[in-house]
J.: 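Pasting in a structure now, in structure tokens, and then I'll have a few things to ask.
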Amino acid sequence: MTKSAIVTGSTSGIGLGIATSLAAAGYNIMLNGFGDAAEIEKVKTGLAQKHGIKTAYSAADMSKPADIRQMVADTVEAFGSVDVLINNAGIQFTALTEDFPDEKWDAIIAINLSAAFHASKAALPHMKKQKWGRIINIASAHGLVGSAQKVAYVAAKHGIIGMTKVVAIEAANDGVTCNAICPGWVLTPLVQKQIEDRAQKNGTSVEAEKAALLGEKQPMKQFTTPEHLGGLAVYLCSDNAETTTGTALSVDGGWVAE
Ligand code: NAD
């Protein structure tokens, strides 16, 4: 039977890249995320037609546990199983800890961390029952090291790596693996906004700030792409990765090597 994958936050950036790679590898895809309804419909029908797979879309808000449970139930209803879960949806906000708004802390913890718990909790019984499953948490280099002004994001990303280890241990003999991917800079709308904010604040150009951003953190002065991350996700779902579990895999141009 064709396997199916939920990719949270797949209307943009990394999630869309991973959904595209998994569709090309033959998985049915449950898309999720916010955005323009016509654009989402285009992605949904486009992936299905190009790759001969089934697609569906859940408008679940990752800050709402009941929505998340419904998204998992809708996937089983649409495709007959949930085999792969990519916990990817995420948001960012930057400020010093003493200035960090409480509601931004709560939203980042809910969407970047708790959503992965609720989705994993709902999907694991299906995966364990069928003795096959893959959970991939999109963490970050910020799951392994910190940066100023990102208290909630760094806390959430360190937390998701901890959760990855626990789920991996608990599911170790059920054919289910759980791993985290830790990207460095990927030029998505989430990062583009940080670059534009910096250019405005510093009175510089977007191109200058792109180079500065890479230069501060990465020995390799190039962005990782959603396609790179899609390729790794497909590998983690393959038979060759059946004993790769509980890991945090860096794809970061050497960021955490320093
Ligand atoms: P993006 O802004 O391009 O995409 C984020 C996606 O999440 C969108 O589809 C958006 O609609 C969805 N989303 C946001 N809030 C949601 C909610 N409440 N419910 C459902 N969906 C919601 O960002 P991106 O850069 O592709 O980030 C994806 C993931 O990768 C995030 O977890 C981010 O922390 C992580 N990451 C990004 C980078 C980077 O450099 N871009 C680096 C490391 C990790």
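As the structure is a computational prediction, the values presented were derived from the model and not from experiment. Just so it is clear, the values below take in all heavy atoms, side chains as well, and ignore hydrogens, waters and symmetry mates. Note that the numbering runs from 1 along the sequence shown for the chain. Both ligands and their constituent atoms are indexed starting at 1 by order of listing.
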J.: Between E196 and Q192, do the side chains contain an N or O donor and an N or O acceptor separated by less than 3.5 Å?
T.: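 Checked: E196/Q192 side chains pair up, N/O donor to acceptor below 3.5 Å.
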
J.: Which residue from G35, S10, G143, G33 reaches closest to atom 21 (N) of ligand 1 through any of its heavy atoms?
T.: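 Among G35, S10, G143, G33, the closest heavy atom to atom 21 (N) of ligand 1 comes from G33.
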
J.: How long is the straight-line distance from CE of M220 back to CG of L214, given to the nearest 0.5 Å?
T.: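 Separation between the atoms: 11.5 Å.
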
J.: Examine the proximity of ligand 1 to V186 and report which part, side chain or backbone, both or neither, has a heavy atom under 4.0 Å away.
T.: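 For V186, backbone and side-chain atoms both sit under 4.0 Å from ligand 1.
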
J.: Of all the heavy atoms in A110, does at least one lie under 4.0 Å from an atom in ligand 1?
T.: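 No, A110 has no heavy atoms under 4.0 Å from ligand 1.
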
J.: Which heavy-atom pair separates G35 from I40 by the least distance, and what is that distance?
T.: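 Looking at all heavy atoms of both residues, the shortest contact is O-CD1, 3.7 Å.
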
J.: Within the distance-only criterion (no hydrogens, no angle test), does the side chain of N32 pair as donor or acceptor with the backbone N or O of A60 below 3.5 angstrom?
T.: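 It does hold such a pair.
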
J.: So which heavy atom on A180 is nearest to which on T164, and how close?
T.: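 The pair with the smallest heavy-atom distance is N-CG2, 3.5 Å.
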
J.: Among all protein heavy atoms, pick out the one at the shortest distance from atom 9 (O) of ligand 1; state its residue, atom name and that distance to 0.1 Å.
T.: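 So the nearest neighbour among protein heavy atoms is T11 OG1, 2.7 Å.
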
J.: Among T20, I138, L22, L31, find the one that has a side-chain contact (heavy atoms from CB on, under 4.5 Å) with V7.
T.: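 Exactly one candidate clears the test, L22.
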
J.: Ligand 1 versus V191, non-hydrogen atoms closer than 4.0 Å: side chain, backbone, both, neither?
T.: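 For V191, only side-chain atoms sit under 4.0 Å from ligand 1.
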
J.: Please list the nearest protein heavy atom to atom 19 (N) of ligand 1 with its residue and the distance rounded to 0.1 Å.
T.: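 The closest one turns out to be M62 N, 2.8 Å.
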
J.: Is there at least one pair of N or O atoms, one from S12 and one from ligand 1, spaced under 3.5 Å apart?
T.: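 Yes, S12 has an N/O under 3.5 Å of an N/O on ligand 1.
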
J.: Measuring from atom 5 (C) of ligand 1, which candidate in G13, G15, G90 has the nearest non-hydrogen atom?
T.: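 The nearest heavy atom belongs to G90.
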
J.: Restricting to non-hydrogen atoms, name the atom on K157 and the atom on H142 that form the minimum distance, rounded to 0.1 Å.
T.: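 The pair with the smallest heavy-atom distance is CB-O, 3.6 Å.
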
J.: Using 0.5 Å steps for rounding, measure from the CD1 atom of I136 to the OG1 atom of T177.
T.: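 That separation rounds to 7.0 Å.
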
J.: Can you report which non-hydrogen protein atom sits closest to atom 23 (O) of ligand 1, along with the distance?
T.: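 Here the closest protein heavy atom is L190 CB, 3.4 Å.
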
J.: Who gets closest to atom 29 (C) of ligand 1 by heavy atom: L16, L187, N88?
T.: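 Answer by nearest heavy atom: N88.
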
J.: For atom 15 (N) of ligand 1, state which one of D61, I91, I181, I138 supplies the nearest heavy atom.
T.: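 The nearest heavy atom belongs to I91.
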
J.: So how far is it from T55 OG1 to Q49 CD, rounded to the nearest 0.5 Å?
T.: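 Here the interatomic distance stands at 9.0 Å.
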
J.: Indicate yes or no: does an N/O atom of A141 lie under 3.5 Å from an N/O atom of ligand 1?
T.: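 Checking ligand 1 against A141, no N or O pair falls under 3.5 Å apart.
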
J.: If I take atom CG from residue N179 and atom OG1 from residue T247, how far apart are they, to the nearest 0.5 angstrom?
T.: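 Spacing of CG (N179) from OG1 (T247) equals 3.5 Å.
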
J.: Could a heavy atom of A139 be found less than 4.0 Å from some atom of ligand 1?
T.: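 Within the 4.0 Å threshold, so yes.
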
J.: Atom 6 (C) of ligand 1: which protein heavy atom is closest, and how many Å away?
T.: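 For atom 6 (C) of ligand 1, the nearest protein heavy atom comes out as G9 O, 3.5 Å.
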
J.: Is there a side-chain contact (heavy atoms from CB on, under 4.5 Å) between Y57 and V43 once you walk through the steps?
T.: CA-CA 10 Å; Y57 167 69; V43 171; over 6 Å; no

J.: Between A115 and ligand 1, find which residue part has any heavy-atom pair under 4.0 Å and reply side chain, backbone, both or neither.
T.: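 The answer is neither.
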
J.: When you measure from atom 43 (C) of ligand 1 to each heavy atom in P189, C182, P183, which option holds the nearest one?
T.: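 The nearest heavy atom belongs to P183.
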
J.: Give the contacting part of K157 toward ligand 1: side chain, backbone, both or neither, where contact means a heavy-atom distance below 4.0 Å.
T.: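 The part of K157 near ligand 1 is the side chain, not the backbone.
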
J.: Under the side-chain contact (heavy atoms from CB on, under 4.5 Å) criterion, do D174 and K131 qualify, and how do the steps go?
T.: CA-CA 5 Å; D174 292 300; K131 293 276 171 207; 2.9 Å; yes

J.: Among all protein heavy atoms, pick out the one at the shortest distance from atom 11 (O) of ligand 1; state its residue, atom name and that distance to 0.1 Å.
T.: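 Nearest neighbour among protein heavy atoms for atom 11 (O) of ligand 1, to 0.1 Å: F34 N, 2.9 Å.
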
J.: Hey, is G184 one of the residues with a heavy atom under 4.0 angstrom from ligand 1?
T.: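 Contact check G184 vs ligand 1: positive.
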
J.: Report yes or no: do S58 and D74 form a side-chain donor-acceptor pair below 3.5 Å?
T.: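 Side-chain D/A pair, S58 to D74: absent.
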
J.: Could you check atom 25 (O) of ligand 1 against the protein and tell me its nearest heavy-atom contact, residue, atom and distance included?
T.: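 Result for atom 25 (O) of ligand 1: T188 OG1, 2.4 Å.
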
J.: Just to check, does Y153 reach to within less than 4.0 Å of ligand 1 when the distance is taken from its heavy atoms?
T.: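 Y153 counts as a contact of ligand 1 under the 4.0 Å cut-off.
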
J.: Out of all atoms in ligand 1, which are within 4.0 Å of some heavy atom of A89? Include the element for each.
T.: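 Every atom of ligand 1 under 4.0 Å from some heavy atom of A89: 7 (O), 21 (N), 22 (C), 32 (O).
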
J.: Please list, in number order, the atoms of ligand 1 under 4.0 Å from a heavy atom of N32.
T.: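 Matching atoms, with element in brackets: 20 (C), 21 (N).
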
J.: Going from CG on L213 to CZ on F223, what distance comes out if it is rounded to the nearest 0.5 angstrom?
T.: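 Between L213 CG and F223 CZ, I get 6.0 Å after rounding to 0.5 Å.
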
J.: N/O of I14 under 3.5 Å from N/O of ligand 1, yes or no?
T.: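 Indeed, backbone or side chain, I14 has an N or O that close.
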
J.: Consider ligand 1: state whether an atom of it lies below 4.0 angstrom from any non-hydrogen atom of Q92.
T.: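 No, Q92 has no heavy atoms under 4.0 Å from ligand 1.
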
J.: Can you list the atoms of ligand 1 that are under 4.0 Å from a heavy atom of A60?
T.: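 Those qualifying, in numeric order: 19 (N), 20 (C).
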
J.: Provide the closest heavy-atom pair for V84 versus W132 in the form atom of the first, atom of the second, distance.
T.: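 Heavy atoms only, the tightest pair is CG2-CZ3, 4.1 Å.
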
J.: Record the part of I111 in heavy-atom contact with ligand 1 below 4.0 Å; permitted values are side chain, backbone, both and neither.
T.: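 It is the side chain that touches ligand 1; the backbone stays farther off.
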
J.: Roughly how far, to the nearest 0.5 Å, is CD1 of I86 from OG of S10?
T.: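 It comes to 10.0 Å.
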
